[in-house]
Amino acid sequence: MNYFVTTSIPYVNGPPHIGHALEFIMADVLARAARAEKKPVIFSTGTDEHGGKIADKAAEVGKDVKIFADEMSQQFRGLAKALNISNDRFIRTTDAGHEQRAQIIWKNLAKDIYKGTYVGLYCTGCEAFVTEPVAKENKGTCPHHQKPYEKLEEENYFFKLSVYAPEILKAIESGSFEILPQSRKHEILHVIKSGLEDISISRPKEKLTWGIAVPGDENQVMYVWFEALMNYLTVLGYPEHDDYLKFWPANVQVVGKDILRFHAAIWPGMLLGLGLPLPKKLYVHGFITVNNQKMSKSLGNVIPPQDIINAYGVDAMRYYFLRHIPAYDDGDFSWAKLHAAYNNELANELGNCVQRTAAMIVSYQKGIIGDSPPPEHDIAAYSEALEHCRFDRALDEVWDQVRGLNQYIDEQKPWEINKQGDSEHLREVLAYQVSCLLQIAELLAPLLPETATKIQYIFGEGVVRPIEGTLFPRKEHTPDAANVSEAPGK
RNA sequence: GGCAGGGUAGCUCAGUUGGUUAGAGCACAGGACUCAUAAGCCUGGGGUCACGAGUUCAAAUCUCGUCCCUGCUACCA
């Protein structure tokens with residue numbers, strides 16, 4: 001019954017971009033949908049703040065690390081707020097509670113932790129070692145960071161991930177640990193079948209001070225990834241808090257495709273080491289391109305989420321990201337596409353439908369809405385879509401209803417019924433329109449909460465209550481931001 | 001190289017176990033209407049379903065081959 005949903009926690013090495021926004025929005029839909037079913041929900045997000053890269057970044061801008069992390073974290077908190085994200089928790093890996101509990105987790109994993117020497121090629125950008133073949137293929141330079149790999153030999157603690165490979169495999173294959181979409185499931189199964197090696201989970205303190213101390217060893221700090229994953233437990237108050245006892249395992253964990261391995265191999269291994277059940281579902285979303293180009297600073301096409309919200313509003317942004325970014329695939333954003341979706345679908349189809357219905361009731365019936373039996377639309381496809389995190393399909397289903405309602409209005413022609421003076425029939429038709437809109441609002445609530453609330457406000461009390469302006473006023477031109485963002489960057 | 005998934009209307013895609021003239025949205029063209037945010041509704045044009053062969057009464061759908069695209073993974077015995 002209890003429902004626990006998480007996003008991955010963004011690494012605070014740069015400001016939020018639309019990829020972060022996508023993940024926040026998707027997880028938010030799941031949380032809101034669960035609350036709508038009257039389930040007790042904990043929805044957590046937060047920020048991942050340790051590691052050498054953050055320390056370097058802070059040094060670069062001449063700030064104290066903690067202050068830098070504070071500021072960055074604040075930006076993500078701000079993004080969640082701006083997107084109308086309903087998270088119950090916002091955990092930071094620099095929270096005292098997380099740090100303490102992470103050490104408890106480490107101790108509880110002690111039987112699977114041993115000390116060893118790691119020799120390998122390391123990229124400070126990725127904060128990861130790479131295998132020899134990969135390094136060779138990249139000609140000794142990390143393609144992501146344009147930095148040469150450094151040969152490192154160091155004492156590390158290791159986690160016996162290899163021991164758990166068979167059990168992880170079984171959980172994924174059987175579906176007790178479900179991975180969506182299926183293509184990602186196949187992908188990770190392939191990785192696991194080809195063998196999981198034990199992983200290095202600490203770094204010598206002399207090289208890295210910005211991290212959580214390894215219990216009982218002054219000279220080592222936890223590797224940032226290993227520790228960051230623990231947030232899903234520490235946020236609930238593992239090991240003793242009531243929330244932890246009631247809400248673990250997570251119902252859904254939402255992550256991006258780049259961190260599949262961490263969440264579908266390493267994380268399950270850690271949980272098995274702790275003797276805990278695995279999450280029920282891992283939903284893996286794709287990436288967003290801008291005008292079919294990869295987002296990058298050098299191309300100058302990075303779009304701050306706030307720009308979109310400022311230009312079109314929160315729900316328009318949520319709408320585009322949920323419906324026009326495929327839930328099981330990569331997607332593309334452009335101001336032109338957003339503009340078209342906004343005008344055609346939000347303003348013309350939905351907004352205008354609300355408007356014409358309200359206007360007729362006001363002018364024909366002094367705003368009084370009659371009674372109507374609820375519409376008998378089959379919402380199974382909608383529910384199933386949400387169950388499978390197919391947010392795009394879910395909105396398709398809602399829009400079928402919006403279109404259907406517009407057709408109904410044109411077939412019934414309430415304006416003619418009004419002229420004929422059949423007030424009883426008119427009342428029935430208009431009341432039915434309202435029940436349809438209220439159902440649409442209900443379905444929309446997890447996806448576009450603000451819009452749903454407005455529709456419910458207008459029609460929910462038996463009398464049409466006007467709102468200021470219209471739901472989605474048409475926009476004639478794309479905003480200035482469009483020109484800026486679509487200009488070739490330098 | 002291996003594994004996986006794709007290549008369907010100008011664009012984005014849907015097409016269940018092979019079965020009637022291959023669908024939707026956007027874009028485009030035309031029409032009837034007027035309650036509404038010059039919105040909505042109706043109609044229409046447009047596809048050798050990547051290519052070649054095969055199985056079948058029948059293939060977008062199954063088999064084999066070829067060419068492209070994407071993702072993961074790998075040259076260690």
Side-chain angles (χ1 to χ4, degrees), chain A residues 130-138 179 181-197 256-261 264-265 284-287 289 291-292 294 313 316 320 323-334 336-365 367 381 384-385 390 392-393 395-400 402-420 426 429-430 433-434 437 454 458 464 466-476:
Chain A
V130 296
T131 57
E132 293 278 353
V134 171
K136 196 174 277 179
E137 186 182 341
N138 295 331
I179 296 178
Q182 216 180 32
S183 53
R184 298 297 164 200
K185 173 179 169 176
H186 292 325
E187 194 177 306
I188 199 67
L189 281 175
H190 188 230
V191 170
I192 297 172
K193 278 179 187 163
S194 67
L196 291 179
E197 290 176 20
K257 66 178 184 180
D258 54 329
I259 52 177
L260 173 64
R261 302 178 72 110
V284 185
H285 67 254
F287 285 170
T289 53
N291 295 311
N292 294 310
K294 211 171 153 182
Y320 186 88
R323 191 173 189 200
H324 293 288
I325 303 294
Y328 281 5
D329 211 338
D330 290 345
D332 185 59
F333 173 87
S334 74
K337 284 183 197 161
L338 169 65
H339 187 76
Y342 178 89
N343 273 344
N344 294 335
E345 294 154 31
L346 290 174
N348 293 353
E349 293 183 320
L350 177 60
N352 183 55
C353 187
V354 166
Q355 183 69 11
R356 67 200 298 217
T357 298
M360 284 190 274
I361 293 171
V362 167
S363 78
Y364 301 157
Q365 297 178 169
E384 201 191 323
R390 294 299 307 257
D392 46 356
R393 293 274 173 85
L395 276 167
D396 286 346
E397 290 298 321
V398 178
W399 248 254
D400 276 351
V402 174
R403 291 200 166 113
L405 180 53
N406 273 322
Q407 286 166 5
Y408 173 83
I409 296 171
D410 277 88
E411 280 164 19
Q412 294 295 321
K413 304 185 187 9
W415 49 93
E416 279 191 7
I417 303 176
N418 179 55
K419 277 181 199 158
Q420 290 157 8
L426 180 63
V429 169
L430 293 177
Q433 289 176 218
V434 168
L437 283 170
K454 281 182 184 168
I458 297 170
V464 170
I467 56 167
E468 209 176 305
T470 52
L471 230 44
F472 296 101
R474 272 185 69 89
K475 299 197 187 295
E476 295 310 319

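The structure presented is a predicted model; accordingly, all values stated were derived computationally and were not measured. Throughout, protein chains are lettered first and strands after them, A, B, ... in sequence-line order, and every chain is numbered starting at 1.
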Visitor: Return the nearest nucleotide to the side chain of A:Asn352; candidates are B:U73, B:U34, B:A36.
Guide: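 Nucleotide nearest to A:Asn352's side chain: B:A36.
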Visitor: Choose from B:A14, B:U37, B:G25 the nucleotide whose nearest atom is closest to any side-chain atom of A:Arg403.
Guide: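 The answer is B:G25, which lies nearest to the side chain.
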Visitor: Mind checking A:Asn344 for me? I need base, sugar-phosphate or nothing, with any heavy atom below 4.0 Å counting as a touch.
Guide: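 It contacts sugar-phosphate atoms only.
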Visitor: Respond yes when some side-chain nitrogen or oxygen of A:Gln355 is under 4.0 Å from OP1 or OP2 of B:C35, and no when none is.
Guide: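 So the side-chain polar atoms of A:Gln355 never come under 4.0 Å of the phosphate oxygens OP1 or OP2 of B:C35.
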Visitor: So which heavy atom on A:Tyr364 is nearest to which on A:Leu430, and how close?
Guide: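 Heavy-atom minimum between the residues: CD1-CD1, 4.2 Å.
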Visitor: What's the verdict on side-chain contact (heavy atoms from CB on, under 4.5 Å) for A:Val429 and A:Gln433, showing C-alpha distance, side-chain angles and the deciding distance?
Guide: CA-CA 6 Å; A:Val429 169; A:Gln433 289 176 218; 3.7 Å; yes
Visitor: If we ignore angles and hydrogens, is there a donor and acceptor under 3.5 Å between the side chains of A:Glu349 and A:Trp399?
Guide: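 Short answer, yes.
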Visitor: Salt bridge between A:Glu187 and A:Arg184, side-chain N to carboxylate O under 4.0 Å?
Guide: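 A:Arg184 and A:Glu187: salt-bridged.
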Visitor: Considering just the side-chain nitrogens and oxygens of A:Asn348, establish if one lies under 4.0 Å of OP1 or OP2 belonging to B:A38.
Guide: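 False: A:Asn348 side-chain N/O out of range (4.0 Å or more) of B:A38 OP1/OP2.
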Visitor: Tell me whether the side-chain N/O atoms of A:Arg261 come closer than 4.0 Å to OP1 or OP2 in B:U73.
Guide: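 Yes, A:Arg261 has a side-chain N/O under 4.0 Å of OP1/OP2 on B:U73.
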Visitor: Across all strands shown, which nucleotide pairs with B:A77 by Watson-Crick or G-U wobble geometry, both distances under 3.5 Å?
Guide: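 B:A77 is unpaired by these criteria.
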Visitor: Quickly work out the A:Asn291 CG to B:C11 C1' distance and round it to whole Å.
Guide: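 Value for this atom pair: 14 Å.
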Visitor: Using the P atom as the point on both nucleotides, what is the distance between B:A60 and B:U48, in whole Å?
Guide: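 Taking atom P in both B:U48 and B:A60, they lie 13 Å apart.
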Visitor: Between B:A77 and B:G71, how far apart are the two C1' atoms, rounded to whole Å?
Guide: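 Result for the C1' pair: 28 Å, nearest Å.
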Visitor: For atom C1', what is the distance between B:C11 and B:A38, given to the nearest Å?
Guide: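 Straight-line distance between the two C1' atoms is 26 Å.
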Visitor: Which nucleotide, in any strand shown, forms a Watson-Crick or G-U wobble pair with B:C26, with both distances under 3.5 Å?
Guide: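 B:C26 is paired, partner B:G10.
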Visitor: Can you tell me the distance, in whole Å, between the CZ atom of A:Arg184 and the P atom of B:C72?
Guide: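 These atoms are roughly 7 Å apart.
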Visitor: Is the backbone N or O of A:Phe333 less than 3.5 Å from a side-chain atom of A:Thr289, with the two atoms forming a donor-acceptor pair by type?
Guide: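 Such a contact is absent between A:Thr289 side chain and A:Phe333 backbone.
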Visitor: Toward the 5' end of RNA chain B, which comes first, A:Asn406 or A:His186, by nearest nucleotide?
Guide: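 Upstream on the strand: A:His186.
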Visitor: For a quick check under 3.5 Å, do A:Asn406 and A:Arg356 share a side-chain donor-acceptor pair by atom type?
Guide: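 A:Arg356 and A:Asn406 do have a side-chain donor-acceptor pair below 3.5 Å.
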Visitor: Write down the distance separating the P atoms in B:C75 and B:A14, rounded off to the nearest Å.
Guide: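 Comparing P positions in B:C75 and B:A14 gives a spacing of 35 Å.
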Visitor: According to the Watson-Crick and G-U wobble definitions, with both distances under 3.5 Å, which nucleotide is paired to B:A4?
Guide: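 WC or wobble partner is B:U70.
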Visitor: Between B:U12 atom P and A:Arg323 atom CZ, what is the distance in whole Å?
Guide: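 In whole Å, B:U12 P lies 17 Å from A:Arg323 CZ.
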Visitor: Taking atom P in both B:A4 and B:G10, what distance in whole Å separates the two?
Guide: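 Roughly 32 Å separates the two P atoms.
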Visitor: Any side-chain to backbone donor/acceptor pair from A:Asn291 onto A:Ser334? Under 3.5 Å, distance only.
Guide: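 No, A:Asn291 side chain to A:Ser334 backbone: no donor-acceptor pair under 3.5 Å.
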Visitor: Answer yes or no: is there an ion pair linking A:Arg323 with A:Glu345, defined by an N-O contact shorter than 4.0 Å?
Guide: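 Looking at A:Glu345 together with A:Arg323, the answer is yes, because their closest N to O distance falls below 4.0 Å.
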Visitor: Using a heavy-atom cut-off of 4.0 Å across all strands, would you classify A:Phe472 as base, sugar-phosphate, or nothing?
Guide: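 Base contact.
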Visitor: Reckon A:Ala340 touches a base, only the sugar-phosphate, or nothing at all at heavy-atom distances under 4.0 Å?
Guide: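 No contact at all - A:Ala340 keeps every heavy atom at 4.0 Å or more from the nucleic acid.
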Visitor: In whole Å, measure the gap between the C1' atoms of B:A9 and B:G25 for me.
Guide: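 Pairwise C1' distance, B:A9 against B:G25, rounds to 12 Å.
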Visitor: Which one is paired to B:G46, where only Watson-Crick or G-U wobble pairs with both distances under 3.5 angstrom count?
Guide: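 No nucleotide pairs with B:G46.
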Visitor: Say we look at B:U73 and B:G52: how far apart would their C1' atoms be, to the nearest angstrom?
Guide: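 My reading of the C1' atoms in B:U73 and B:G52 gives 31 Å.
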Visitor: Tell me which nucleotide, if any, is Watson-Crick or G-U wobble paired with B:A59 when both distances must be under 3.5 Å.
Guide: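 B:A59 is unpaired by these criteria.
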Visitor: Tell me which of A:Ile188 and A:Glu411 sits closer to the 5' end of RNA chain B, going by the nucleotide each one is nearest to.
Guide: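 Taking each residue's closest nucleotide, the earlier one in sequence belongs to A:Glu411.
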Visitor: To the nearest Å, give me how far apart NE2 (A:His339) and P (B:U37) are.
Guide: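 It works out to 18 Å between those atoms.
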Visitor: What is the nucleic acid contact for A:Val191, judged by heavy atoms within less than 4.0 Å: base, sugar-phosphate only, or nothing?
Guide: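 Sugar-phosphate contact only.
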Visitor: When both hydrogen-bonding distances must be under 3.5 Å and the geometry is Watson-Crick or G-U wobble, what is B:G52 paired with, if anything?
Guide: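 Its partner is B:C64.
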Visitor: Should A:Arg474 be listed as having a side-chain N or O under 4.0 Å from OP1 or OP2 of B:A38?
Guide: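 A:Arg474 to B:A38 OP1/OP2: no side-chain N or O under 4.0 Å.
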Visitor: Under 4.0 Å between any heavy atoms, over every strand shown, what does A:Leu260 touch: base, sugar-phosphate, or nothing? Just pick one.
Guide: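 The answer is nothing, as A:Leu260 stays clear of every strand by at least 4.0 Å.
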Visitor: From the set B:C26, B:A14, B:U37, return the single nucleotide nearest to any side-chain atom of A:Arg393.
Guide: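 For the A:Arg393 side chain, the nearest candidate turns out to be B:A14.
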Visitor: Considering every strand shown, what is the Watson-Crick or G-U wobble mate of B:C41 when both distances are under 3.5 Å?
Guide: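 The base-pairing partner of B:C41, which may sit in any strand shown, is B:G31.
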Visitor: May I have the distance from A:Trp415 (atom CH2) to B:A36 (atom C1'), rounded to whole angstrom?
Guide: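 Atom-to-atom, A:Trp415 to B:A36, this comes out as 9 Å.
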Visitor: Could you state the atom-to-atom distance from CG of A:Asp400 to P of B:G23 in whole Å?
Guide: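 Answer to the nearest Å: 18 Å.
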Visitor: In whole Å, what is the span from the CE atom of A:Met360 to the C1' atom of B:C41?
Guide: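 So the two atoms are 13 Å apart, to the nearest Å.
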Visitor: Rounded to the Å, how far apart are A:Leu395 CG and B:C13 P?
Guide: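 From A:Leu395 CG to B:C13 P: 17 Å.
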Visitor: On a whole-Å scale, what distance lies between the C1' atoms belonging to B:G54 and B:U61?
Guide: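 Rounded to whole Å, the distance is 15 Å.
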